[in-house]
Amino acid sequence: MSTPPSDPMRVFDRHLHRLRRDRAAATVGQVAPVLEVAAERLLDRLDDLTRRFTRALDIGGRGVVAPLLRARGIPFVVSMDLSARMAALSGMPALAGDEEWLPFAPESFDLVVASLSLHWVNDLPGALVQIRRALRPDGLFLASLPGLGTLQELREALASAETELRGGLSPRISPFPELRDLAGLLQRAGFALPVADGEALPLAYRTPMALFRDLRAAGEGNAVLARDARIPPRALLPMAAGRLAEEGGAVPVTLRLLMMTGWAPHESQSKPARPGSANARLADALGTEERSAGEKPGGG
Amino acid sequence: MSDTTPEAAPSPAPTPGGEVDPALLEILVCPVTKGPLRYDRARGELVSDSARLAYPIRDGIPIMLPDEARQLD
């Protein structure tokens, strides 16, 4: 039996993930089309705003997001990645940094974008608080994460193949968050006007092996701490691959994009009024008679 | 007072670690203490006196990772 990670907050092996990203810096270009589509879907939200941004932080954009931000006329775009090599793909200024240990002074940016990069973070609430602090008042945070349901087809194929081969399961695909968790997370981190929504990005691969190759090229190899450290049985991938492919060999893969939007609080933003601060009766406005619902505060 | 004017005299010897974007240097803090950093140009490091750590700079890219930093004694 493998020993469980001592800290329940630590799900991912950050060091291993950094090595994966270092290695993937040379190959991530192969998956640029997928990353670009995902980034464009996220940055669409910028195009709907009349606000102009001047200082942006790109977290984990893998050389795809920073050029898109610059193309939108943002003069100062800083790119950060856990891997220095991956960060360098975005052009300068770039730095190696950890979302769990953000190295920025308060109010350094008016825009932070994390396109498909926060799903390997152990302490997501902590990272969100740090991001909010790095934003100026009324600054915008935009992020997308793969959500629950992403790679579900692969998860099921691997699970059934592994159960058959080993009579047991080990986590081979990262746990993904659910949509309803995210707005709450943003709110807890102190963001104003938090919005979370989802979009499905259906992909089709010609062969299962092409999917495995792309995941590796993107640096998305398994970095779950509780992963099975043994070498997987030789038959695992081919067997899972056989279960994935539909007739004709094509492999349907769903990327469920969860998008998060939140603003650093500012007094100009609309807020709910304080309870009890109304100066007109709702019943009067509606022209009806006010009736008690039978509930009184203080258990009356 | 700041001595990082844009037209700073070019140093005769190349800076170890490469030049870091001055606008980036302005906003970087120590990831552990969030305290200020000192740019040690001669060694190509960003020094956090509060954390007793020196973060290396490689090819103009500051490596702001606590486990890559050099312990100061």
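Order of the sequence lines sets the chain letters (A, B, ...), proteins ahead of strands, with each chain counted from 1.
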Could you tell me which of Ala96(A), Ala84(A), Ala88(A) has the largest number of non-hydrogen atom pairs under 4.5 Å with chain B? Ala96(A)

Quick check on the interface: out of Cys30(B), Gly60(B), Pro62(B), who has the most heavy-atom pairs with chain A under 4.5 Å? Pro62(B)

Pair Arg18(A) + Asp67(B): basic N to acidic O under 4.0 Å: yes

Within a radius of less than 6.0 Å around CZ of Arg70(B), do more than 12 heavy atoms belonging to other residues, nucleotides or ligands occur? yes

Honestly, the part of Glu100(A) sitting under 4.5 Å from a heavy atom of chain B is neither

Under 4.5 Å, counting heavy-atom pairs only, tell me which of Ser108(A), Ala94(A), Ala87(A) racks up the most with chain B. Ala94(A)

Considering only heavy atoms, which portion of Pro66(B) lies under 4.5 Å from any heavy atom of chain A: side chain, backbone, both, or neither? side chain

Among Ile27(B), Leu24(B), Leu28(B), side-chain contact (heavy atoms from CB on, under 4.5 Å) partner for Pro93(A): Leu24(B)

Give the minimum heavy-atom separation between Pro31(B) and Trp101(A), together with the two atoms involved. CB-O, 3.1 Å

Exactly one of Ile61(B), Asp59(B), Asp21(B) should register a side-chain contact (heavy atoms from CB on, under 4.5 Å) with Met92(A). Which one does? Ile61(B)

Given a strict heavy-atom distance threshold of 4.5 Å, which part of Val32(B) is in contact with chain A: side chain, backbone, both, or neither? both

Does a sphere of radius 6.0 Å around NE2 in His15(A) hold more than 12 heavy atoms from other residues, nucleotides or ligands, not counting ones at 6.0 Å or beyond? no

Counting N and O atoms only, with roles assigned by atom type, does the side chain of Lys34(B) sit under 3.5 Å from a partner on the main chain of Leu102(A), one being a donor and the other an acceptor? yes

